[in-house]
Undergrad: 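Okay, here's the structure, questions in a sec.
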Amino acid sequence: MAKHILIAAGLVLAAAPVLAQQSWLTASEASYRILRRAMPELSARGSTAAAAGGVAGAEPIYLLQVRTSSIARLSQLIHAELKHCGGFMQHPDESSGRRALARHAAPIVPLALRPNYEIGNQALVVPALASMGEKPIAQAIQDLSAFPDRFYSSADGARASSWLRDTWAALAGKHGNSTVELYAHAGYGQASVIATIGGSDLAAEVIVLGAHLDSINISLGGNKSGAPGADDDASGVAALTEVLRVIAETRYAPRRTIKLIAYAAEEVGLRGSQDIARAFRQTETQVVGVLQLDMANFKGSPKDIYLLSDYTDAAQNTFLAKLIETYLPSLTVGIDRCGYACSDHASWHAEGYPASMPFESALSQDNPHIHSKRDTYANSGNQAAHALKFARLAAAFALELGGSGP
Ligand SMILES: [Zn+2]
C-alpha cells in the first residue's frame, strides 16, 4: 500500500512542477521542426496549417505548450539554427496563444487611420539629420555593451533599464514636453523604457520607434559568460538615443505623439513588445506607424539598408524607401524576408498596426557574432557609421510623420 502511495506521490510531484510552470509559444514551421528534433515528445496543441491556404503567403504557425524552465534552451536551439532573433512568440497563457493563432490565420483589420506619407518637412529634417553624429551612437553602444549581460531576468538586465531611463531622461529634459518612464512586465525584472514626446492637434495619433534592450548568450556558458549584445541590439537602442537627443535639442514640437521604446525580453519570445502592443490595441490607441531597429551596425552586405517585406506594412515600406531617396540619397536599399516573430515589429503587426524594420544586411549575411560574448563593438569594426544611417532614417520617419497631416 505505502509503496503505491509513494509511487503515486512521486508521479504527482513530477507532474506538479510541469503543470505549475507552463508556457505557451507560437512558433514558425522552421522553429517547430528544430524543437521537435530536440524534443520528439513535443506536439503542437494547435496550428494554422489547415487555414494557411486562406491567407495568401501565410506560413503556418504552431501553438506549443512547454515548461517555462525550458524556454532559454528552446531559444538557444532556434537561434543557433536560424541565426537571427525571434522565431517564436511567448504567451502568458493558452488563450493568448490561441488568440495569436487566430490572428495569424485571419489578420485583424488595421485601424483605419493612415498618414498621407507625403514628404514636406525638409526645412526641419535636413538640419536635424546633419546634426546627428557617429560619436554619440558609438558611446551609447559601448555603454550598453559594458553591462555583463542585459538578459531579461538577470540583475544586470534590470539595471540596464534604470540606466537607460536615466540616460534618456537627461536628454529628454531639454525638450520641455516629454516624459521618460519604465514599463514593468509580469514575471521578470527587466522593464521596458518609454520616452514620449507630446503631440499637439493630432496628439491622439502615435508614432512608435523601437529597439530591444535585452541581450542573450546562447552558447553553452550562457549569459554568465557575458552577453554584450553590441549589435544585437545595443546598436538599435543607441540609434534611438541619438534620435531622442536631436528631437530634444531642436525642441521639435510634433503634431502627433512620438514614442521611443526600448523593449524588454525580445530574445525570449517578444514578451515586452507583445505586452505593450496588446495594451495599445486594447485601448484602441491610434498608432499610425511603427519602426523597429534590431541590429543596425554590422554592414555584412553590399547595400546599406535592407527593408524586410514579411510581417511588415507595404505602404509604409514604400514611404521608408522614399525617405531614403529624399534624405539619404547616397544609400542603397535592398529587400529581404526574416520569418515569423523575427523582432518586436511583429508584435505590432499582429495587433494590426503598420510596422517596418530596416535591417543591417541581407539575413544570410548578418552579424555572425550575435547571441554570444563575441557580439562586441570591436567585432562590428569599432565604428557606428552604419548605425548612424539607421538613426537618420528613424529621425526622418519621426519628423515627417510627426509633422504631416492625416
Ligand atoms: Zn535582436
Side-chain angles (χ1 to χ4, degrees), residues 28 31 71-72 74-76 78-90 140-141 144-145 147 149-152 154 157 160-161 164 190 192-193 209-219 223 226-241 261-274 276-277 290-298 300 305-306 308 310-312 336-349 355-377 379-380 386-387 390 394:
S28 65
S31 299
I71 296 265
L74 302 183
S75 169
Q76 275 174 346
I78 292 172
H79 291 162
E81 204 156 317
L82 296 186
K83 303 221 177 325
H84 62 71
C85 291
F88 68 97
M89 284 189 176
Q90 182 172 344
I141 292 174
L144 283 160
S145 46
F147 285 88
D149 69 72
R150 301 187 304 281
F151 194 53
Y152 81 114
S154 78
S161 304
L164 188 67
Q190 186 175 61
S192 296
V193 183
L209 307 182
H212 70 87
L213 178 60
D214 64 317
S215 68
I216 195 169
N217 180 336
I218 63 168
S219 61
N223 299 297
D231 188 34
D232 186 16
D233 186 25
S235 65
V237 176
L240 294 190
T241 304
I261 310 180
Y263 305 105
E266 185 269 353
E267 297 285 8
V268 285
L270 313 184
R271 293 179 67 175
S273 58
Q274 282 193 82
I276 295 171
V290 176
L291 187 77
Q292 174 75 356
L293 297 181
D294 186 355
M295 297 168 61
N297 201 33
F298 183 87
I305 294 179
Y306 288 73
L308 301 182
D310 53 341
Y311 302 98
T312 59
D336 205 345
R337 297 171 63 86
C338 192
Y340 180 68
C342 161
S343 186
D344 297 303
H345 62 289
S347 299
W348 296 92
H349 178 79
S356 297
M357 176 157 136
F359 192 64
E360 65 183 13
S361 68
L363 263 291
S364 60
Q365 297 170 316
D366 70 0
N367 188 336
H369 306 297
I370 61 165
H371 302 152
S372 81
K373 63 180 178 197
R374 296 183 314 281
D375 182 5
T376 59
Y377 181 64
N379 282 334
S380 291
H386 200 44
F390 294 82

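For this chain, numbers begin at 1 and follow the sequence in order. Basis for what follows: all heavy atoms, side chains included, without hydrogens, waters or symmetry-related copies. Both counts, for ligands and for their atoms, begin at 1 and track the order of listing. Keep in mind it's a predicted model, so treat the numbers as computed, not measured.
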Undergrad: Quick one: do the D232 and H371 side chains pair a donor with an acceptor below 3.5 Å?
TA: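 H371 and D232 do have a side-chain donor-acceptor pair below 3.5 Å.
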Undergrad: Measuring from L209:CG to L240:CG, what's the distance to the nearest 0.5 Å?
TA: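 Answer for the CG-CG pair, L209 versus L240, is 6.0 Å.
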Undergrad: Given side-chain contact (heavy atoms from CB on, under 4.5 Å), test Q292 with Y263 step by step and report yes or no.
TA: CA-CA 10 Å; Q292 174 75 356; Y263 305 105; 3.4 Å; yes
Undergrad: Report the angle formed at the Zn ion (ligand 1) by atom OD1 of D294 and atom NE2 of H212, rounding to the nearest 10°.
TA: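 So the angle at the metal works out to 90°.
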Undergrad: Any N/O/S atom of E266 sitting less than 2.8 Å from the Zn ion (ligand 1), backbone or side chain?
TA: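 So E266 does not bind the Zn ion (ligand 1) by this criterion.
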Undergrad: Give the name of the N/O/S atom in D232 that lies closest to the Zn ion (ligand 1).
TA: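 Result: OD1.
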Undergrad: Quick check: does E267 put an N/O/S atom under 2.8 Å from the Zn ion (ligand 1)?
TA: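 For E267, the answer is no, given that no N, O or S atom comes within less than 2.8 Å of the Zn ion (ligand 1).
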Undergrad: Can you classify the ring geometry of Y311 versus H349 as parallel (below 30°), tilted (30 to 60°) or perpendicular (above 60°)?
TA: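 Aromatic pair Y311/H349 classed perpendicular.
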